[in-house]
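The structure appears right after this line, and notes come after that.
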2 protein chains.
Amino acid sequence: MAKSKTARTALTGQRLTAQRRLLFDLLRKGKGHPDVDELYRQAKQLDPRISLSTVYRNLRLFKKLGLVEELHLEEEHHHYESRPTTEHYHLVCRGCGQVVEFRSPHVDKLKQEVGQEHRYAILGADVSLVGYCPRCQANRQKV
Amino acid sequence: MAKSKTARTALTGQRLTAQRRLLFDLLRKGKGHPDVDELYRQAKQLDPRISLSTVYRNLRLFKKLGLVEELHLEEEHHHYESRPTTEHYHLVCRGCGQVVEFRSPHVDKLKQEVGQEHRYAILGADVSLVGYCPRCQANRQKV
DNA sequence: CTAAGTGCAAAGTATTTGCAATTGG
DNA sequence: CCAATTGCAAATACTTTGCACTTAG
């Protein structure tokens, strides 16, 4: 029964306000990849007084502490997800927007080889594959 | 002396205005990965009356026509580059912002395997590696 | 107690749009 | 000629910030 990191231990050094814990928990327990507005919406249902600024401020903090990952999908704004135990990547459907997570040893190879070749110290990789999911492929046939 | 695609042939169906050709040529011939403001700045030097809206509108068009690639580097706004003959990826220094282009067969493998596994029709991959370049690694030692 | 955090409104940045004037084909 | 495109200004979308009030530690 491995207990997931609690807000208390993850946020050492920072004050554990009600809003902060709420946002942290939503990101931890939520399944998707919410954008700021979606997270704000969810948070408001549990604490109607929370402000959008607080959401932005805490996302920035979580990101700085390495607790969340900021995703640059195909859209204008960002999406966020609680940092996974292992780095993973995203497969995005251009038709319906569905996001599938995947992992692959090819990316490790890539980081190793490219880092070596250019003598970079690699910190991480941001990989998004774009395509059409099975359902959207089928729908496109019809048109 | 292979001539690169001209604005005329690339933009068939669209009107070839002076502004459009100017922007197209800047992206084609320019070496970097300009963001909107940088491109606007360059364009204004050659046509002081060009408007920022026109830059935005044409970037959107070029993107739709597949003539430029929109890069999601680590920043808030986007960067653009003329679409290369072969898909490539970016290695970004978190210290100085330098961008190195690279290609790798590992990404093809990745597309093939992940596409197959999830039955997606893959259109493309957006890959950014982040790290510190040799120079920034050296500078960090000192601190 | 007091520095860190919050809510709110206002400001700042990035991008899009309505519209009258211009222009490529 | 006339629909597409432009410049401009205004609108929208996204994010940050100043400040007075609140609160965790």
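- By the salt bridge (Lys or Arg N to Asp or Glu O under 4.0 Å) test, A:Glu69 is found to be paired with A:Arg83, residues two or more places apart in sequence or in another chain being considered.
- Direction of the helix axis in the helix from C:dC1-D:dG25 to C:dG25-D:dC1 shifts by 40° between the two five-pair termini, rounded to 10°.
- Applying the 3.5 Å distance criterion, the base of D:dA9 shares a donor-acceptor pair with the side chain of B:Ser53.
- Applying the salt bridge (Lys or Arg N to Asp or Glu O under 4.0 Å) test to B:Arg94 and every residue at least two apart in sequence or in another chain returns B:Glu74.
- Distance, A:Leu23 CG to C:dG5 P: 13 Å, rounded to whole Å.
- For the pair A:Ala43 and A:Leu22, the tightest heavy-atom approach, listed with the atom from each and the gap, is O-CD2, 3.8 Å.
- Between A:Gln19 atom CD and D:dT23 atom P there is a gap of 9 Å when expressed in whole angstrom units.
- Here B:Arg21 pairs with nothing under the salt bridge (Lys or Arg N to Asp or Glu O under 4.0 Å) rule; sequence neighbours left out.
- Once rounded to the nearest 0.5 Å, the distance linking NE2 of A:His106 with NZ of B:Lys111 reads 13.0 Å.
- One distance of note links CG of B:Leu23 with CG of B:Leu27; it measures 7.0 Å at 0.5 Å rounding.
- The two residues B:Leu59 and B:Val36 come nearest to each other via the heavy atoms CD1-CG2, 3.8 Å.
- Look at NE2 on A:His72: it is 14 Å from P on C:dA14, rounded to the nearest Å.
- As a whole-Å value, the separation of B:Leu59 CG from D:dT5 C1' is 15 Å.
- A sub-4.0 Å separation between OP1 or OP2 of D:dT5 and a side-chain N or O of B:Asn58 is absent.
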Tell me which donor-acceptor pairs under 3.5 Å the side chains of residues 117-133 of chain B have, and how far apart each pair is, sequence neighbours excluded?
unit_1	atom_1	unit_2	atom_2	d
B:Tyr120	OH	A:Gln98	OE1	2.5
B:Asp126	OD2	B:His72	ND1	3.1
B:Tyr132	OH	B:Arg140	NH2	3.3

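- Remark: A:Arg49, A:Ile50, A:Ser51 in residues 40-52 of chain A come within less than 4.0 Å of DNA chain C through at least one heavy atom.
- Put simply, CD on B:Glu70 is 12 Å from C1' on C:dA14, counting in whole angstrom units.
- For the side-chain hydrogen bond (donor to acceptor under 3.5 Å, both in side chains) test, no residue two or more places apart in sequence or in another chain qualifies with A:Arg57.
- Among residues two or more places apart in sequence or in another chain, the ring pair (Phe, Tyr, Trp, His ring centres under 6.0 Å) test is passed with B:Tyr56 by none.
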Worksheet item: When you check every protein heavy atom under 4.0 Å of nucleotides 19-25 of chain C, what one-letter string (B, S, -) results, 5' to 3'?
Response: ----BBS

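- Residue B:Arg21 contributes atom CZ, which lies 14 Å from atom P of D:dT5 at whole-angstrom precision.
- Contact check, A:Arg60 against D:dT15: no side-chain N or O comes under 4.0 Å of OP1 or OP2.
- For the salt bridge (Lys or Arg N to Asp or Glu O under 4.0 Å) test, no residue two or more places apart in sequence or in another chain qualifies with B:Lys109.
- In this structure, B:Leu22 atom CG and D:dT6 atom C1' are separated by 14 Å, rounded to whole Å.
- A straight line from CZ of B:Arg20 to P of D:dA3 spans 17 Å, rounded to a whole angstrom.
- Side chain to side chain, A:Gln42 and A:Glu38 meet the donor-acceptor criterion of an N or O pair below 3.5 Å.
- Judged as a side chain to side chain contact (heavy atoms under 4.5 Å, CB included), and not counting sequence neighbours, the contacts of A:Asp37 are A:Asp35, A:Leu52.
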Any protein N or O atoms within reach of nucleotides 12-14 of chain D? Criterion: under 3.5 Å, listing atom names and distances.
unit_1	atom_1	unit_2	atom_2	d
D:dC14	OP1	A:His77	ND1	3.2

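- By the criterion of side-chain heavy atoms lying less than 4.5 angstrom apart, applied directly or through intervening Ile, Leu, Val, Met, Phe, Trp or Tyr residues, A:Val107 is grouped together with B:Val100 in one hydrophobic cluster.
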